[in-house]
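This report refers to the structure that appears directly beneath it.
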Amino acid sequence: MIGPAHAVVVGAGIAGTAVGLFLRRIGWRVTVLEARPARERPLGSHLSLADNGRTVLRDLGLLAAVGAAGTPTDRISFHDHRGREIGSNNQVSTLIRRDRLGEVLREAARRAGVRIVEGERVVGLRDDGHDRVVATLADGSSHSGDVLIGADGVHSHTRRTMFPDHPSARFTGVIDGGGSAPRVDGIAPEPVLRLTFGANAFFGYQALPDGEVVWFQSMLSGDGDGDVVAGPRADPMDRWRQRLTELHGADHPPIPAVIDASTGPVIRWPVYDLDPPARWSRGRMCLVGDAAHAMPPHDGQSSSMALEDAVVLARCLAGADDLADAFARFQQLRESRVDTVAGLARRTGSLKFPTGPRERRARDAVLTMFMKAGVAASEDVSRYRLQWPTDSHAAARSAHDPAGRPAARTGPDGSPG
């Protein structure tokens, strides 16, 4: 079998740090290279972490820490723009800011012995086909390892280096954004995430225990929306208030009140989609997470998919005699699962943005039926379970077993429900 090795991981996001944690479990040394300095970390909005991702965190012993940094959600309630509930997903999830989730993972990785180097941008990769792969940094220094894992997101430099002819991620025309209101009259704290297919755009919110209402919103880009392809950025709420009011003024209460009470800033980012490359690996390099299979965030599974990738890749490396076989097995185990989840996200996204009254009426006519099927599919996705074996021999055997299975419904603590 492949012995303990040194992995260089490009990207200290959710995928990269989780990969580092699981590789440490099989005795590997891990160096993670992150382009952004620590001072840029706080730029991020909230995400909903589904139970399949929470299962991986539980296995890492981090579910309690993530729960403390976030807020529990016992139910997701779906509405049309008039306020009528059209669906409900009763699986437990965690609402958490992306940067806080990332910090929990990075702190755990450091404690486990993962070396994380921040503010170091990779500008070159070299795999000579022998025993080392080299990552060159912008300052001219370099890091070498036995394996390099590209966890550097939708615009992955690693992917471009491995497959220079593969099409880049494409802007979908959608802008996501998020913000908060200190308190909104008439909204009491409750563990329910409310999502609305609005008259013109999509809106979601949840009231936290301290009364703060956090929200996120998706819309089609248009004139006056600024440089939407530049990446995540923070704007003053007053710059966006009128635009958001125009989009959601016809939506049910309390959405207009949430917008009116918000103080900002608004974190906004363009949404990209990616056709996965035919291969996720080349030589001693392999892609994980959004670098391999970025998908629109319309079903809230991107982070959970990254966490699942980390488990499966480490299991494959633990149980293989050959690096190429391990990478091929990883892609084989993940490809169908990723395709299923990405397809669900795209179908959900197709109903978020009616382009006119006629389109909205047609959308609303099928929403209830769509949500019934969509909620059932989302629950199946969330019930998927991956567990780390209890010993190294089991880890080796597990690489040849299915990577995960649907599980029975669970309670908030992970016990059978």
Side-chain angles (χ1 to χ4, degrees), residues 2 5-20 23 28-37 40 114-171 229-232 270 272-295 302 305-306 309-310 312-314 316-317 322-332 334-335 338:
I2 302 171
H6 180 205
V8 174
V9 180
V10 183
I14 294 168
T17 48
V19 164
L23 289 180
W28 286 38
R29 287 194 302 124
V30 181
T31 300
V32 178
L33 307 175
E34 171 56 44
R36 288 183 297 175
E40 294 182 9
V114 175
R115 182 188 178 201
I116 300 178
V117 185
E118 296 180 291
E120 300 287 0
R121 183 167 60 90
V122 174
V123 297
L125 298 171
R126 185 177 76 254
D127 181 3
D128 61 12
H130 298 296
D131 59 350
R132 305 294 280 175
V133 60
V134 179
T136 303
L137 306 180
D139 64 3
S141 63
S142 63
H143 293 265
S144 63
D146 303 292
V147 171
L148 185 135
I149 308 298
D152 44 347
V154 64
H155 302 299
S156 170
H157 175 78
T158 308
R159 186 182 64 246
R160 292 197 303 271
T161 301
M162 292 168 61
F163 308 112
D165 295 330
H166 188 75
S168 300
R170 59 190 179 276
F171 176 49
V229 295
Y272 290 86
D273 203 351
L274 176 73
D275 293 323
R279 294 171 54 202
W280 297 0
S281 61
R282 183 174 182 177
R284 292 182 169 271
M285 296 185 285
C286 185
L287 303 170
V288 297
D290 283 353
H293 50 69
M295 62 188 73
S302 181
M305 289 295 100
D309 275 3
V312 178
L313 178 58
C316 289
L317 289 169
D322 177 81
L323 193 61
D325 289 345
F327 287 160
R329 181 62 172 160
F330 164 65
Q331 181 175 347
Q332 179 186 27
R334 293 298 293 156
E335 208 161 21
V338 166

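Worth knowing before you read on, the calculation uses all heavy atoms, side chains too, and leaves out hydrogens, waters and symmetry mates.
Using modelled atom types, one finds a donor on one side chain and an acceptor on the other under 3.5 Å when comparing H6 with T31.
Contact of the V10 side chain with the H157 side chain is not registered, since no non-hydrogen atoms from C-beta on lie closer than 4.5 Å. Using a 4.5 Å heavy-atom cutoff, the side chains of D273 and F171 are not in contact. F327 is listed as a side-chain neighbour of V147, based on a closest heavy-atom distance under 4.5 Å. With a 4.5 Å cut-off on side-chain heavy atoms, R329 and D325 do not count as touching. In this structure the side chain of F330 reaches within 4.5 angstrom of the side chain of V288, judged on heavy atoms. You'll find the side chain of R29 stays beyond 4.5 Å of the side chain of R115, heavy atoms only.
Interatomic distance, NE2 of H143 versus OG1 of T136, reported as 10.0 Å (0.5 Å rounding). In this structure, OG in S281 is found 12.0 Å from CG in L148, a value given to the nearest 0.5 Å. With rounding to the nearest 0.5 Å, the separation of CD1 in I14 from CG in D309 is 12.0 Å. With values rounded to the nearest 0.5 angstrom, D146 atom CG is found 7.0 Å from W28 atom CH2.
Nearest heavy-atom pair across V8 and A135 is CG1-CB, 4.5 Å. Of all heavy-atom pairs between Q331 and A278, the closest is NE2-O, 2.9 Å. Taking every heavy atom of both residues into account, S168 and L274 meet most closely at C-CD1, 4.3 Å. For the pair C286 and L313, the tightest heavy-atom approach, listed with the atom from each and the gap, is SG-CD1, 4.4 Å. Across all their heavy atoms, S156 and L287 have their closest contact at OG-CD2, 4.2 Å. Shown here for A15 and G289, the closest heavy-atom pair between the two residues is CB-CA, 4.3 Å.
In this structure a side-chain-to-backbone donor-acceptor pair under 3.5 Å is present from D152 to T158.
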(message) One pair to check against side chain to side chain contact (heavy atoms under 4.5 Å, CB included): V30 and I116. What are the steps and the verdict?
(response) CA-CA 8 Å; V30 181; I116 300 178; over 6 Å; no
Can I get a per-line list of side-chain donor-acceptor pairs under 3.5 Å for residues 120-127, giving both atom names and the distance, sequence neighbours left out?
{"unit_1": "D127", "atom_1": "OD1", "unit_2": "G129", "atom_2": "N", "d": "3.1"}
{"unit_1": "D127", "atom_1": "OD2", "unit_2": "R284", "atom_2": "N", "d": "2.8"}

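Taking the six-membered ring where the residue is Trp, W280 and H293 present tilted rings, their angle falling between 30° and 60°.
Looking at D275 and R170, a side-chain N of the basic residue comes within less than 4.0 Å of a carboxylate O on the acidic one, giving a salt bridge.
For CZ of R132, the number of neighbouring non-hydrogen atoms (other residues, nucleotides, ligands) closer than 6.0 Å is greater than 12.
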